[in-house]
Amino acid sequence: TKPVVNGQFSLTAPTLNIKCIGNWQTKIKGDGADKPSNGSIHAQCSNGEKIEGVFTTLKSGTGIVEGKDTKGQKVRISYN
C-alpha cells in the first residue's frame with residue numbers, strides 16, 4: 001500500500017475578496033522519494049462556498065486544481 005500524505009492549505013483571491021482554507025490528500029508514488037503528482041482537495045471559503053476537486057502537481061510547488069463549488073460551478077486554480 002502506498003503511504004497517504006495530507007496537509008492543509010489556504011488561498012486568497014484578492015480581486016474577489018475571498019479566502020479559502022482546506023485540506024489536501026495524496027498517495028506517494030514509487031518508493032516514496034517522488035513528489036506527489038495528484039490528489040484531492042476540500043476547502044471552505046469566506047463567501048460560504050465549498051470547493052472539492054483534484055490537484056495536479058506539474059513540478060515542485062507548481063500545479064493546477066480543478067473542481068466544483070457548492071453550486072456545481074467549475075473552479076480552476078493555478079498555484080506556484
Side-chain angles (χ1 to χ4, degrees):
T1 304
K2 296 178 183 176
V4 174
V5 179
N6 54 49
Q8 294 183 327
F9 73 92
S10 64
L11 65 91
T12 303
T15 57
L16 300 174
N17 197 28
I18 297 172
K19 293 182 182 180
C20 303
I21 298 173
N23 298 297
W24 59 266
Q25 183 176 64
T26 190
K27 291 185 179 180
I28 296 295
K29 298 170 86 178
D31 64 3
D34 294 337
K35 296 285 184 190
S37 61
N38 55 44
S40 61
I41 63 114
H42 303 276
Q44 176 69 50
C45 300
S46 59
N47 65 349
E49 294 294 328
K50 292 181 183 178
I51 299 171
E52 293 188 10
V54 296
F55 68 85
T56 303
T57 299
L58 305 174
K59 62 181 182 179
S60 182
T62 302
I64 298 169
V65 174
E66 295 180 314
K68 293 187 177 184
D69 66 12
T70 313
K71 297 175 185 173
Q73 299 176 89
K74 291 182 181 180
V75 175
R76 183 176 169 101
I77 303 164
S78 62
Y79 58 92
N80 55 22

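Values below: all heavy atoms of this structure, side chains included; hydrogens, waters and symmetry mates excluded.
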* To do: Just grab all the disulfide bond (SG atoms under 2.5 Å apart) pairs involving residues 44-80, residues at least two apart or on different chains.
  => Cys20-Cys45
* Asked: Linking I/L/V/M/F/W/Y whenever any side-chain heavy atoms sit under 4.5 Å apart, do Ile41 and Tyr79 land together?
  -> yes
Using a 3.5 Å cut-off and no angle test, enumerate the donor-acceptor pairs between side-chain atoms of residues 6-19 and protein atoms at least two apart in sequence or in another chain.
none

* To do: Please write out which residues are connected to Leu58 in a hydrophobic cluster, directly or through intermediates, given that two of Ile, Leu, Val, Met, Phe, Trp, Tyr count as joined at side-chain heavy-atom separations below 4.5 angstrom.
  => Ile64
* Return yes if some donor-acceptor pair links the side-chain N/O of Thr26 with the main-chain N/O of Asn38 below 3.5 Å, else return no. => yes
* To do: Sequence neighbours left out, what pairs pass disulfide bond (SG atoms under 2.5 Å apart) with at least one residue falling in residues 47-80?
  => none
* Structure fact -> residues 63-75 vs side chain to side chain donor-acceptor pair (under 3.5 Å), sequence neighbours excluded, gives Glu49-Thr70, Glu66-Arg76, Asp69-Gln73
* Structure fact -> For residues 49-80, the disulfide bond (SG atoms under 2.5 Å apart) pairs (sequence neighbours left out) are none
* Asked: Can you name the nearest heavy-atom pair linking Ser40 to His42, along with the distance?
  -> OG-NE2, 4.3 Å
